[in-house]
Amino acid sequence: MKVVTIVGARPQFIKAAVVSPRLRQVAHEVLIHTGQHYDQTLSTVFFEHLPIPHPDYTLTAGSGTHGVQTGRMLVDLDPILQREAPDWVIVYGDTNSTVAGALAAVKMGIPVAHVEAGLRSFNRSMPEEINRVMTDHIATRLYCPTQQAVHNLAQEGIRTGVKLTGDVMDTLVDQTPDNLAVLNRYGIDSGQYILATVHRAQNTDDSGHLHSLLQAFMALPKPVFWPMHPRTRQKIHEFQLDALLTPPMMVVDPVGYQEMITLERHAYAVVTDSGGVQREACRVGTPTYILREETEWGELVATGQAVLTGWRTHDIVTAVREQRARPKPAIHAYDPVAMILEDLLRKEE
Ligand code: UD1
Ligand code: UDP
């Protein structure tokens with residue numbers, strides 16, 4: 001069996017690091033990097049430090065408007081998929097690389113397997129929500145990380161090809177050892193900082209929201225340590241908010257995966273609008289505050305593992321100050337990757 005895997009953004013490289021090595025034990029994999037993320041800190045670092053195979057093809061989608069970026073990917077993926085003629089295309093998550101990969105494949109009659117299917121924030125103004133819905137409606141196999149995701153698909157009439165596998169990221173988080181050098185490097189102490197990440201369009205592209213977040217970060221009970229996405233850095237500059245990035249807040253470039261997991265484990269709290277970071281921070285048992293009005297990982301909020309704060313200064317500061325112990329997630333004995341591979345290899349009924 002031949003499988004083409006299409007990745008393009010940071011969280012997808014990390015997911016491919018979990019799935020690709022095992023996929024290669026049972027199938028011939030061809031890896032395509034769309035080039036959506038291209039910086040050392042958003043792309044190269046993961047290929048250097050995680051067991052992701054070197055891409056067979058690296059495209060140059062780069063940055064741009066959604067239409068331009070997605071369109072470039074479609075144009076470049078077309079001839080490659082035609083040449084490779086795989087049995088399956090695997091896509092991950094909800095980025096423009098996900099929807100472009102899925103669309104390029106189905107237009108050529110190649111079935112798509114979507115890992116992380118069925119998640120919904122129910123906020124159609126999020127680009128990611130559009131990408132999720134589109135991808136799920138054209139995928140043949142839909143691998144869901146949660147029971148709620150299975151339910152969401154059923155609500156949209158998608159029942160065939162759906163499988164509850166769990167989240168492929170869980171095992172990676174559990175198996176990643178600490179790299180305490182990262183704390184020494186930045187001179188921060190375990191339990192004495194709040195880890196922040198921000199990159200969602202609704203937070204970065206609205207100067208009022210960004211201003212409000214920065215004011216909140218200055219008023220939190222511990223200094224904020226912030227590995228900053230380049231998008232956010234650019235927007236802070238564009239909105240002339242740089243003056244608010246003052247000590248004890250510490251802003252650094254994005255860090256590698258092992259460093260990030262270590263920072264999540266040792267933080268006093270995590271404040272984030274990232275999908276992956278909110279999941280991981282809850283998994284390692286650190287109090288987690290989601291800088292959004294809603295989340296596609298609703299179970300984290302329903303079970304009290306995370307709190308939705310939105311973007312308003314007062315709401316964020318109040319929530320973090322009221323910090324209480326959060327229940328650790330139940331650790332299930334399951335192997336999402338094995339379930340996905342077993343399902344992918346089975347013959348169509
Ligand atoms: C993208 C995904 C988002 C995902 C995130 C993971 C979409 C619509 N968004 O958001 O779902 O959570 O990746 O991190 O697919 N930039 C750089 N260097 C890079 C890449 C981007 O400086 O290597 C800057 C550019 O100014 C670019 C901006 O970041 O315009 C946004 O990049 P883009 O890939 O469009 O979206 P992300 O915000 O990274
Ligand atoms: N991550 C990382 N370094 C960072 C920030 C995030 O390695 O500086 C990892 C994080 O541990 C998680 C993934 O990137 O596994 C989440 O990616 P991101 O927040 O960019 O996207 P999202 O999950 O929101 O789509």
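In listed order, ligands and their atoms are each counted from 1. Being a predicted model, the structure only gives us computed values, none of them experimental.
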Nearest neighbour in protein (non-hydrogen) for atom 1 (N) of ligand 2: M260 CG, 3.7 Å

CG on L244 to CG on L210, rounded to 0.5 Å: 9.0 Å

Salt bridge (Lys or Arg N to Asp or Glu O under 4.0 Å) between R292 and E296, intermediate numbers included: CA-CA 11 Å; R292 291 171 44 190; E296 54 285 345; 2.8 Å; yes

Aromatic Y268 / basic K222 pairing, under 6.0 angstrom, 45° off normal: yes

Top protein contact for atom 25 (O) of ligand 2, by heavy-atom distance: P11 CG, 3.5 Å

Identity and separation of the nearest protein heavy atom to atom 23 (O) of ligand 2: G276 N, 2.7 Å

Same apolar cluster (I L V M F W Y, side chains within < 4.5 Å links), I32/V7: no

Nearest-contact summary for atom 4 (C) of ligand 2 - protein heavy atom, Å: R10 NH1, 3.3 Å

Best match, E128, M126, R10, R231: closest heavy atom to atom 3 (C) of ligand 1: E128

Sub-4.0 Å heavy-atom contact, T197 with ligand 2: no

For P227, the ligand 2 atoms whose distance to one of its heavy atoms is below 4.0 Å: 8 (O)

Minimum-distance protein heavy atom relative to atom 19 (C) of ligand 1: Y38 CZ, 3.4 Å

ILVMFWY cluster, Y186 and L263 together (side-chain gap under 4.5 Å): yes

Distance filter under 4.0 Å to Q69 heavy atoms, resulting ligand 1 atoms: 34 (O), 35 (O)

Nearest-neighbour protein heavy atom for atom 12 (O) of ligand 1, which is reported as residue plus atom name and distance: H199 NE2, 2.8 Å

Option nearest atom 21 (C) of ligand 1 (shortest heavy-atom distance, choices S63, G35, S97, G62): S63

Passing candidate, side-chain hydrogen bond (donor to acceptor under 3.5 Å, both in side chains) with H114, options T135, D136, T98, D94: D136

Test log, rule side-chain contact (heavy atoms from CB on, under 4.5 Å), inputs V112 and W88: CA-CA 6 Å; V112 170; W88 286 99; 5.9 Å; no

Contacting atoms of ligand 2, where contact means under 4.0 angstrom from a heavy atom of G275: 22 (P), 23 (O), 24 (O)

Atom 3 (N) of ligand 2: the protein heavy-atom neighbour that sits closest, reported with distance to 0.1 Å: V255 O, 2.7 Å

Test salt bridge (Lys or Arg N to Asp or Glu O under 4.0 Å) applied to R279 and D170, step by step: CA-CA 9 Å; R279 280 277 300 166; D170 285 352; 2.7 Å; yes

Transitive ILVMFWY side-chain link I14 to L23, under 4.5 Å: yes

N131, any N or O under 3.5 Å of ligand 1 N or O: no

Distance-minimising heavy-atom pair for A267 and Y193: N-OH, 3.3 Å

Contact check, P11 vs ligand 1, heavy-atom distance below 4.0 Å: yes

Ion pair check, K2 and E29, cut-off under 4.0 Å: no

Residue part near ligand 2, for E264, under 4.0 Å between non-hydrogen atoms: side chain

Where ligand 2 meets G256 - atom numbers and elements under 4.0 angstrom, heavy-atom basis: 7 (O)

Region of I14 engaging ligand 2 - heavy atom pairs below 4.0 Å: side chain

Enumerated ligand 1 atoms positioned under 4.0 Å from heavy atoms of R200: 11 (O), 12 (O)

Atoms of ligand 2, numbered as shown, that sit under 4.0 Å from any heavy atom of H199: 18 (P), 19 (O), 20 (O), 21 (O), 24 (O)

Residue and atom name of the nearest protein heavy atom (relative to atom 22 (O) of ligand 1), distance in Å to one decimal: P230 CB, 3.2 Å

For atom 16 (C) of ligand 2, closest protein heavy-atom neighbour: S274 OG, 3.8 Å

Pair E238 + K235: basic N to acidic O under 4.0 Å: yes

Same apolar cluster: I340 and V162, side chain cutoff 4.5 Å: no

Residue part near ligand 2, for P254, under 4.0 Å between non-hydrogen atoms: both

Nearest non-hydrogen partners of F13 and L42, listed with the distance: CE1-O, 3.3 Å

Charged N-O contact under 4.0 Å between K15 and E116: yes

Closest approach of any protein heavy atom to atom 18 (N) of ligand 1, naming residue and atom: D39 OD2, 2.9 Å

Contact with ligand 2 for R279, non-hydrogen, under 4.0 angstrom: no

Ligand 1 atoms in contact with L42 (distance to a heavy atom under 4.0 Å): 19 (C), 20 (C), 23 (O)

Salt bridge (Lys or Arg N to Asp or Glu O under 4.0 Å) assessment of D253 paired with R233: CA-CA 9 Å; D253 284 337; R233 208 182 266 281; 3.4 Å; yes

Parallel, tilted or perpendicular: ring planes of H33 versus F47, cut at 30 and 60 degrees: parallel

Contact atoms of ligand 2, heavy-atom distance to Y257 under 4.0 Å: 7 (O), 11 (O), 15 (O)

Within reach of ligand 2, part of H229 (heavy-atom separation under 4.0 Å): neither

For atom 14 (O) of ligand 1, the protein heavy atom that lies nearest, with its residue and separation: H37 CE1, 3.2 Å

Protein heavy-atom partner closest to atom 24 (O) of ligand 2 - residue, atom, separation in Å: R200 NH2, 2.6 Å

Nearest protein heavy atom with distance in Å, relative to atom 12 (C) of ligand 2: E280 OE2, 3.1 Å

Options H229, H66, E129, Q234, ranked by nearest heavy atom to atom 26 (O) of ligand 1, top entry: Q234

Heteroatom proximity flag, Q36 to ligand 1, N/O under 3.5 Å: yes

Pair Y257 + F46: ring centers closer than 6.0 Å: no

